[in-house]
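Here the structure is laid out as structure tokens; the discussion comes afterwards.
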Amino acid sequence: MIPNDIRSSVVWPCILSEGLTNALLDKAQFFESFNEMGYNKSGSVPKGVVYVLSGATAVYFHSSPKDCSYVGLLASTSWLGASGFQDNLFQDLTIEYEPIVDLSFVLFNYSDIEDICERQPECHKWLFSCSRQMSFNLFQFNFLQNYSVKQRIIYSLFYLLAKTQTPLKGSFPSLAVSQTVLAIASGVGRPRVNQVIKGLSDEGLVSFESRKTTFLDLEGLAQKLDGIEFTIYDPVSIVLTRYQKDKP
Amino acid sequence: MSTSIQISTIQWPCELSDEFKYDLLKCAKRRTLFEQNDSNPSYNRPKGLVYILAGAACFYFLDKNSRTIFGGLISPRDWAGAAGMKGGYNHAPGIWMRPIQPLDCLFIGFDDVERLSQSHLEMYKFLYFANQEIQYKWGQVQLMLNHNKQQRVAYALIELLALQKSYIDTYPRIPISQHDLGLACGLSRPRVNQVLQEFVRAGFISLERKYIGIVDQSRLEAEIDDVELIFTDPRKRLRKLD
């Protein structure tokens, strides 16, 4: 049974009847950690729709050991896995995710969803909206492929700051993220991350030590993303607005 | 209503009642899609669902500097546009389409889709599965961004080749301009030209007026050997044609 505070915290992707949301939540399971699913670090997405309550994960498409491709980051309030429901098109295709900040989430099993779809056709409206939301979110990351590695890494930093609700109070906000994790989050190699971080440190924008990035000049860092279109999700204005409000 | 179209001639993305299919087709307009916009006859951003009966179009996204950033093809039996539905998400990326082969399609405006969804809850089942199919196509298009320009052009040429039903010459000839090929693979015309010249020198293709001849299909196909064909492999469709 899902605790009441969790039930009420779910942000549904579209307007749905209470009858449907209750039917879905009555069958759902709550997991405090990704590891509870029986995975150590990474693995296939569970056979169901996942609602991320907190944390962040890198997402990969995977069809064979040869074909595995990074697609982006998903974090709190994201819906994952709706595209895999009754999917006869490409059964061999799976989505893998690698949590970079451990996930707490709600899981809606496909078998339960199937039952609910039979009784409440509105369930397809929910699936359609979840699936569309995920594809738009990932679209933003693919869009960034047109920009430099440096900009992709900076975008990931802002995304993680915005989505993990990192406190921005204090003179210099910081984010607990190692270079390895930042490499996974940005879909680039660790040596390249190291190179970029060093460059940003030399410019006095960030400092990086002991698996922690400290933001010395958030506004200056944001300027590095000038000209990028945040078609779907703009973490920079979210972070800067919060920063202006919170800064001492 | 598109009177000449029967329910049975459409490839539906999932099991649906005949009543729903009939009502949906009642709203459908048969169009060549993009010829109706007088100010800009070649381009359009359809505000509705599109079902391709015949022909092909490229779909692409432009950044604010009008630079093409993604590009792909839609072809017969594809349902496109479900992701652009209003409601629940206000930031749907703008998609542009341009026919590259004479197009015959059905168009169902979003207003009609929304109106029908009030009386038919099955509408969302239809939208969900219609969107699923096109998502695979888009997924592959987005993955192509990870690859070099030669691979992107070769991939688009092979996809176009798979649309050719037959050919009477010694080798297949694809009717497409370099500009349209650029839209289909998300590259600028000069970059497409650069790649095509390389392919000509390597003996894969020939450049003819309004056509690209595929002189050495197997070597062109080999260009995408290292491409992550996670969602779809156009070479499989070519094998089916063979």
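To find a chain, count down the sequence lines: A is the first, B the second, and so on, and within it residues start at 1. Only heavy atoms go into these numbers, but all of them, side chains included; no hydrogens, no water, no symmetry mates.
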Neighbour count >12 (heavy atoms, 6.0 Å) for atom CZ, B/Arg115: yes
NZ (B/Lys21) with more than 12 external heavy atoms under 6.0 Å: yes
Quick check on B/Ala82 against chain A: is it the side chain, the backbone, both or neither that has a heavy atom closer than 4.5 Å? both
So which pairs with a foot in residues 48-57 of chain B pass salt bridge (Lys or Arg N to Asp or Glu O under 4.0 Å), sequence neighbours left out? none
How many angstroms lie between [atom1] in [X] and [atom2] in [Y], if you round to the nearest 0.5 Å?
X	Y	atom1	atom2	value
B/Tyr124	A/Ser129	OH	OG	7.0 Å
A/Lys125	B/Met123	NZ	CE	12.5 Å
B/Leu145	A/Leu144	CG	CG	10.5 Å

Heavy-atom side-chain contact between A/His124 and B/Phe126 under 4.5 Å: no
Backbone of A/Ser83 reached by a side-chain donor or acceptor of B/Gln132 within 3.5 Å: yes
When you look at A/Phe128 and B/Lys125, which way does the side-chain contact (heavy atoms from CB on, under 4.5 Å) test go after all the steps? CA-CA 8 Å; A/Phe128 171 61; B/Lys125 180 179 180 186; over 6 Å; no
side-chain contact (heavy atoms from CB on, under 4.5 Å) between B/Tyr128 and A/Ser131, worked out: CA-CA 8 Å; B/Tyr128 171 74; A/Ser131 151; 4.1 Å; yes
